[in-house]
A.B. asks: 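Input: one structure, supplied below.
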Amino acid sequence: MNESRNTPRLPVSWRAAIQVVPGHIVPAKVVNFSATGIQLQTSVMLKEKQSYQMMMEIPSVKDASARTQVVVKASCVYTILSGDAYRAGLKCTDYPPEHRPLLESWGG
């Protein structure tokens, strides 16, 4: 299958958490990662065009047991109901510069 995106998605399975409102954080799972955004699965519906603070636990490409928590700002592009959970596409910004090598090792 050919990928027609400018930045192809990489299927992953990373733990994450997203702050839906101040003081309310819900668990999530990153299922796709690319240089321009992510797709995650969560139990709550995120609002399109709204910004969220989130954390992703990204493993090292060389050693999956070595994980780094990366906090980013993300803007919701879409949300769809998929089975008993929601899938949301998010455009991520404000990646911390110290995590750039880790993100680039995953193609981001």
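Numbers here are sequence positions counted from 1.
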A.B. asks: So, for Y52 and V20, which heavy atoms are closest and what is the spacing to 0.1 Å?
C.D. replies: CE2-O, 3.8 Å
A.B. asks: Taking S43 for its side chain and V26 for its backbone only, find out whether a donor-acceptor pair lies under 3.5 Å.
C.D. replies: no
A.B. asks: For F33 and W14, what are the C-alpha separation, side-chain angles and deciding distance, and is it a ring-ring contact (aromatic ring centres under 6.0 Å, His included)?
C.D. replies: CA-CA 10 Å; F33 173 78; W14 299 340; 5.2 Å; yes
A.B. asks: Is a donor from one side chain sitting under 3.5 angstrom from an acceptor on the other, for R87 and Q41?
C.D. replies: no
A.B. asks: Check whether any side-chain heavy atom of T93 lies under 4.5 Å from a side-chain heavy atom of S75, and answer yes or no.
C.D. replies: no
A.B. asks: Just wondering, do R100 and P97 contact through their side chains at under 4.5 Å, heavy atoms?
C.D. replies: no
A.B. asks: To the nearest 0.5 Å, tell me how far C76 SG sits from M45 CE.
C.D. replies: 8.5 Å
A.B. asks: Taking all non-hydrogen atoms of both residues into account, name the closest pair between K29 and S13 and its distance.
C.D. replies: CD-OG, 3.7 Å
A.B. asks: So which heavy atom on Q69 is nearest to which on E57, and how close?
C.D. replies: NE2-OE2, 3.8 Å
A.B. asks: Please report the interatomic distance CE(M54) to CD1(I18), rounded to the nearest 0.5 Å.
C.D. replies: 5.5 Å
A.B. asks: Which heavy atom of L46 sits nearest a heavy atom of A88, and at what distance?
C.D. replies: CD1-CB, 3.8 Å
A.B. asks: Drop me the distance from M55's CE to T68's OG1, to the nearest 0.5 angstrom.
C.D. replies: 11.5 Å
A.B. asks: Hey, quick one: are W106 and V70 part of the same hydrophobic cluster, counting side-chain heavy atoms closer than 4.5 Å, chains of contacts allowed?
C.D. replies: yes
A.B. asks: CG/L102 to CD1/I58 distance, rounded to the nearest 0.5 angstrom?
C.D. replies: 5.0 Å
A.B. asks: Any idea which heavy atoms bring A85 and L81 closest together, and the distance?
C.D. replies: O-CD1, 3.4 Å
A.B. asks: Could you walk me through whether K91 and T36 pass the side chain to side chain contact (heavy atoms under 4.5 Å, CB included) test, one step at a time?
C.D. replies: CA-CA 6 Å; K91 183 172 183 166; T36 57; 5.7 Å; no
A.B. asks: Quick one: pull up CG in N32 and CG in L10 and give me the separation to the nearest 0.5 Å.
C.D. replies: 8.0 Å
A.B. asks: Hey, quick one: are V31 and L103 part of the same hydrophobic cluster, counting side-chain heavy atoms closer than 4.5 Å, chains of contacts allowed?
C.D. replies: no
A.B. asks: Output the distance between atom CD (Q19) and atom NE2 (H24), rounded to the nearest 0.5 Å.
C.D. replies: 10.0 Å
A.B. asks: Tell me the closest heavy-atom pair linking Y95 and M56, and the distance in Å.
C.D. replies: CE2-CE, 3.9 Å
A.B. asks: Y86 and V30: same hydrophobic cluster, using ILVMFWY side-chain contacts below 4.5 Å?
C.D. replies: no
A.B. asks: Decide yes or no for Q39 and Y78: does some side-chain heavy atom of the first lie under 4.5 Å from some side-chain heavy atom of the second?
C.D. replies: yes
